[in-house]
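A quick write-up on the structure given underneath.
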There are 2 protein chains.
Amino acid sequence: MDIFLKTIGSINDETRLKILHFIDVNGEVCVCDIENSFEMIQSRISRHLKILKDGGFLKVDRRGRWAYYSIRTPLDQFRQSILKEISCLDINIPLLNKGCKVE
Amino acid sequence: MDIFLKTIGSINDETRLKILHFIDVNGEVCVCDIENSFEMIQSRISRHLKILKDGGFLKVDRRGRWAYYSIRTPLDQFRQSILKEISCLDINIPLLNKGCKVE
DNA sequence: TTTATATATCAAGATATATTGATGTATATA
DNA sequence: TATATACATCAATATATCTTGATATATAAA
């Protein structure tokens, strides 16, 4: 029950739906890419990514000074059905706008 | 998006998960049955039923002085998958305890 | 037509969640 | 070792949601 509520709670927010769909569409991205694409402050992005990760939708891979977020694999049937439903919602997401100042 | 968030928001609450599962298990019940089974005050039950109805999970049929709630039919695939996931959660629900004082 | 039952809704307070700005930590480069 | 970049977390405030008790409405029986 607690895990279910954490999963459901993680997608019960417009900002997180957009970020989740953005990652679903663009694949692996780092935090500053999202920050730059959405024009939101970094702490806000970081918090929502943590909630989506704790909700079981995202995984994070830290390489160098970056944290790369992507859809968790393998993803169970239930979360897959949620992602599919979200992909049908016609959500308005920004274009990927790389935000990293170094490579 | 708004409909999706209303759907998700409606199941983002422990009390509503229990009520929804209770109706899924017991079939059509009236408000005072739920009130009596869960030992919660009526306004609280009524409010959660409305949210679950607005979330697309329940329908209501008013007959006489009673309002009978049941799982909405037909139920789309997405909500069906949610109900199925909830049914696997091993949620502790009370036994049906009829609360109507008249017949 | 008065009263009891069943249900819905409102207002107030309690609780939870989101946003922001500040700060902390880690990595890499100068 | 000093500085910039990338990210996470905290504290304060704002906003949303939940619970309760009071009240309103509708139905049916006395």
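Per chain, numbering begins at 1; letters A, B, ... match sequence-line order. Computed from a predicted model, the values in this text were never measured in an experiment.
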Nucleotide nearest A:Ile51 (side chain, heavy atoms from C-beta), chosen from C:dA18, D:dA6, C:dT19: C:dA18
Flag, side chain of A:Ser70 to backbone of A:Gly27, donor-acceptor distance under 3.5 Å: no
Between D:dT19 (P) and B:Glu39 (CD): distance, integer Å: 16 Å
Closest-nucleotide 5' rank along DNA chain C - winner of A:Thr15 and A:Arg63: A:Thr15
Closest listed nucleotide, where the reference is the side chain of B:Arg47 and the choices are C:dT9, D:dC18, D:dA8: D:dC18
Neighbour count >12 (heavy atoms, 6.0 Å) for atom NZ, A:Lys84: no
Which nucleotide in C:dA18, C:dA8, C:dA22 has an atom nearest any side-chain atom of A:Ser43: C:dA22
Rounded distance in Å - CG (A:Leu52) to P (D:dC7): 16 Å
Criterion side-chain hydrogen bond (donor to acceptor under 3.5 Å, both in side chains) on A:Thr7 and A:Arg79, from CA distance to verdict: CA-CA 8 Å; A:Thr7 302; A:Arg79 288 189 182 81; 2.9 Å; yes
Whole angstrom value for the distance that separates P of D:dT17 from CG of A:Asn12: 8 Å
Per B:Val31 side chain, nearest of listed nucleotides D:dC18, D:dA8, C:dA8: C:dA8
Interatomic distance where CD belongs to A:Gln42 and P belongs to C:dA18 [whole Å]: 17 Å
Distance below 4.0 Å between B:His48 side-chain N/O and D:dT17 OP1 or OP2: no
Protein-nucleotide distance (B:Lys6, atom NZ; D:dT17, atom C1'), rounded to Å: 14 Å
A:Ser46 side chain to A:Gln42 backbone, donor-acceptor under 3.5 Å: no
Selected nucleotide, minimal atom distance to B:Arg16 side chain, candidates D:dC18, D:dT19, C:dA8: D:dC18
Nucleotide of D:dA6, C:dA8, C:dT7 approaching B:Tyr69 most closely (side-chain heavy atoms): C:dA8
Nucleotide nearest B:Asp13 when distance is taken to its side chain, options D:dC18, D:dT9, D:dA6: D:dC18
Residue mapping more 5' on DNA chain C - nearest nucleotide basis, B:Arg65 or A:Arg44: B:Arg65
Nearest to side-chain heavy atoms of B:Lys101, which nucleotide of D:dA6, C:dT5, C:dA8: C:dT5
Spacing between A:Ile41 atom CD1 and D:dA6 atom P, to the nearest angstrom: 16 Å
Heavy-atom donor-acceptor pair, B:Arg44 side chain to B:Thr15 backbone, under 3.5 Å: no
Nucleotide nearest B:Cys100 when distance is taken to its side chain, options C:dA8, D:dA6, C:dA6: C:dA6
